[in-house]
Amino acid sequence: MEARPHPYNNDDTTPDTATPATLFVPMLAPDEAGTLWLDFNRDGANDVIYLNYGYGNNWWADWPFTDSPTASQRQSDMRKYFLVKPYGSKSGTSGDGPNSSCTTNPITPLKDVTQLAQKEEIDNAIDAMAPNGNTNVPEGLAWGWRTVSSNEPFTEGRPNAERGNDKVVIVLTDGANTYSAVSDSGYANNRSTYAAYGYTGLTYPGSGSVTRLFMNTSTDIGKTTYTGANYTAALDEQMQTLCGNAKKSNVLVMTVALDLSTTDAGDKKALDALKACSSDSRFRKDPTDPTKPAKLFWNATGATLSDNFREIANELSNLRIVG
């Protein structure tokens, strides 16, 4: 799914057709500029001139009946998807296509792990997980929240307002937020690869000149700065807004950093962000300042991860977990 536009990217609002921005839109990576095949009628003669814009997801032919189309027109002209691909024509490379950047398995809804079959579903889903692509912590946390919620699209959780019902989301990540920048201002002006927030070079309808990723970010975020560093900063702000909203909604947020170094500037920033995102412990005090509650944050390594999750289990054993 694509990220919803502000403010719905950072909350658990139930989707409603009366408010289209609340709806969840499936990711569909557009065919980027560059004609994949040139002979449209299989007469052995090329009908268009080959042009290569260097895009990474060129999986279909551009619409061939427009004189001198720009790269932007080649990408956005929807008529091309109604073209019939001639038999034997070139296909896109492995990984290219409408599912590019959508490589994760479907989310597993809440299960009753006291039932063997349902526990096996959870175990199998965990075993099937594999790292791929960029890191988008806010979207991961948002979907974790939606999974334990009783609101649509997942409704397996107990009612959100039920007393004694604790909603717990554990965020585990091994890196900083990332979104890949692309230098293509002279072509389609995508300015990024296609991912959850779409193309960062294209504005969101009704948002003026602001792209979806930059909506509701501070003045620290350059609204026309299309760099990986600025995208990371924007995702970091979206993440803190989401963390605050989840905690205000009584979701217990636990964060675990994996193999991040406190001496690396980038890692240290990610560590600080994850710690700030986490909830306060209801039972433990901060060992460095007993006047404050401990943060539900763990800086783990591969060697300590099992022990860290035992600590998490101990924390949760003081709670009544009901889904």
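Annotation: K119, atom NZ; neighbour count of heavy atoms from other residues, nucleotides and ligands within 6.0 Å does not exceed 12. Within 6.0 Å of the CD atom in Q73, the count of heavy atoms belonging to other residues, nucleotides or ligands exceeds 12. More than 12 heavy atoms of other shown residues, nucleotides or ligands fall within 6.0 angstrom of atom OH in Y179. Around the NZ atom of K85, the shell of radius 6.0 Å holds more than 12 heavy atoms that belong to other residues, nucleotides or ligands.
Closest of all the heavy-atom pairs between P64 and L83 is CD-CD1, 3.9 Å. In terms of heavy atoms, R42 sits closest to Y87 at NE-O, 3.6 Å. Taking every heavy atom of both residues into account, G228 and A181 meet most closely at N-CB, 3.7 Å. Contact between R146 and F154 at its shortest, heavy atoms only, is O-CB, 3.4 Å. The minimum heavy-atom distance between E315 and M254, with the atom names listed, is CG-CE, 3.6 Å. In plain terms, the two heavy atoms of V137 and V171 that are nearest each other are CG1-CG1, 3.8 Å.
Side chain of T304 to backbone of T301: a donor-acceptor contact under 3.5 angstrom is found. The backbone N or O of P86 lies less than 3.5 Å from no partner atom in the side chain of W37, so there is not a single donor-acceptor pair. Panel note: side chain Q238, backbone H6; no donor-acceptor pair is recorded below 3.5 Å. A donor-acceptor pair is defined here as one N or O able to donate and one able to accept, closer than 3.5 Å; such a pair exists between the side chain of S281 and the backbone of F283. In this structure a side-chain-to-backbone donor-acceptor pair under 3.5 Å is missing from N308 to W298. Not a single donor-acceptor pair under 3.5 Å links the side chain of D62 to the backbone N or O of A33. Looking at R79, its side chain never comes within 3.5 Å of a backbone N or O of F65 through a donor-acceptor pair. In terms of modelled atom types and a separation under 3.5 Å, the side chain of E32 and the main chain of N57 share a donor-acceptor contact. Put simply, the side chain of T211 gets close to the backbone of T200: a donor and an acceptor are under 3.5 Å apart. Formation of a donor-acceptor pair under 3.5 Å by the S278 side chain with backbone atoms of K275 is found in this model.
Salt bridge annotation for K269-D272: absent, with no cationic side-chain nitrogen under 4.0 angstrom from a carboxylate oxygen. Classification of D12 and K167 as a salt-bridged pair fails, no side-chain N sitting under 4.0 Å from a carboxylate O. Classification of K247 and D280 as a salt-bridged pair fails, no side-chain N sitting under 4.0 Å from a carboxylate O.
Distance check, rounded to the nearest 0.5 Å: OG of S209 to OH of Y204 gives 15.5 Å. Atom CD of E237 and atom CE of M215 lie 14.0 Å apart (nearest 0.5 Å). The CD1 atom of I312 lies 4.5 Å from the CD1 atom of I170; values are rounded to the nearest 0.5 Å. Of the inter-residue distances, the one linking K268 atom NZ with S261 atom OG reads 10.5 Å to the nearest 0.5 angstrom. Atom SG of C102 sits about 10.0 Å away from atom CD of E2, to the nearest 0.5 Å. Here the CG-CG distance, from L260 to L271, works out to 5.0 Å after rounding to the nearest 0.5 Å.
If you run side-chain hydrogen bond (donor to acceptor under 3.5 Å, both in side chains) between K111 and each of Q118, E120, E121, only E121 comes through. Shown are D236, T232, T135; of these, the side-chain hydrogen bond (donor to acceptor under 3.5 Å, both in side chains) with N177 is made only by D236. Only one option out of T108, V169, I107 pairs with T147 in a side-chain contact (heavy atoms from CB on, under 4.5 Å); it is I107.
At a threshold of 4.5 Å between non-hydrogen side-chain atoms, the residues Y199 and P30 count as touching. The shortest distance between side-chain heavy atoms of M129 and N105 does not fall below 4.5 Å. L213 is listed as a side-chain neighbour of L235, based on a closest heavy-atom distance under 4.5 Å. When side chains are defined from C-beta on, M239 counts as touching L274, because their heavy atoms get closer than 4.5 Å. Taking the side chain as every heavy atom from C-beta outward, C277 and L141 approach each other to under 4.5 Å. Side-chain contact between M27 and Y194: present, with at least one pair of heavy atoms (C-beta onward) separated by less than 4.5 Å. R158 has its side chain out of reach of S150: every pair of non-hydrogen atoms, C-beta onward, lies at least 4.5 Å apart. Between K295 and D286, every side-chain heavy-atom pair lies at or beyond the 4.5 Å cut-off.
Hydrophobic clustering (ILVMFWY, side-chain heavy atoms < 4.5 Å, transitive): L316 and F309 are in one cluster. Under a hydrophobic-cluster definition in which Ile, Leu, Val, Met, Phe, Trp and Tyr are linked whenever side-chain heavy atoms come within less than 4.5 Å, directly or via other members, Y187 and L36 are assigned to different clusters. By the criterion of side-chain heavy atoms lying less than 4.5 angstrom apart, applied directly or through intervening Ile, Leu, Val, Met, Phe, Trp or Tyr residues, V168 is grouped together with L296 in one hydrophobic cluster.
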- Residue pair Q75, N190: steps toward the side-chain hydrogen bond (donor to acceptor under 3.5 Å, both in side chains) verdict: CA-CA 10 Å; Q75 179 173 292; N190 294 333; 3.0 Å; yes
- Task: Would you please test D184 and Y55 for side-chain hydrogen bond (donor to acceptor under 3.5 Å, both in side chains) and show each step?
- Result: CA-CA 9 Å; D184 71 331; Y55 284 110; 2.5 Å; yes
- Task: Determine, stepwise, if the pair S72 / N189 fulfils side-chain hydrogen bond (donor to acceptor under 3.5 Å, both in side chains).
- Result: CA-CA 7 Å; S72 180; N189 200 44; over 6 Å; no
- Message: Between D96 and T93, is the side-chain hydrogen bond (donor to acceptor under 3.5 Å, both in side chains) condition met? List the steps.
- Response: CA-CA 6 Å; D96 289 353; T93 59; 2.7 Å; yes
Show me the donor-acceptor pairs, under 3.5 Å and distance only, between side chains in residues 219-226 and residues at least two apart or in other chains.
residue : atom : partner : partner atom : Å
K223    : NZ   : T217    : OG1          : 3.3
K223    : NZ   : S218    : O            : 2.8
K223    : NZ   : I221    : O            : 2.9

Would you be so kind as to tabulate the donor-acceptor pairs closer than 3.5 Å made by side chains of residues 46-54, with sequence neighbours excluded?
residue : atom : partner : partner atom : Å
D47     : OD2  : F40     : N            : 2.7
N52     : OD1  : G54     : N            : 2.9
Y53     : OH   : R74     : NE           : 3.1

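Residues D31 and N58 bring a donor and an acceptor atom of their side chains to less than 3.5 Å of each other. A donor-acceptor pair shorter than 3.5 Å cannot be found between the side chains of S249 and N160.
Residue pairs meeting the disulfide (SG to SG under 2.5 Å) criterion with at least one partner in residues 132-237, sequence neighbours excluded, do not occur; the list is empty. Each ring-ring contact (aromatic ring centres under 6.0 Å, His included) pair with one or both residues in residues 97-149, not counting sequence neighbours, appears once here: F24-W143. Pairs of residues two or more places apart, or lying in two chains, never qualify as ring-ring contact (aromatic ring centres under 6.0 Å, His included) while including a residue from residues 232-276.
By the side chain to side chain donor-acceptor pair (under 3.5 Å) test, T178 is found to be paired with no residue, residues two or more places apart in sequence or in another chain being considered.
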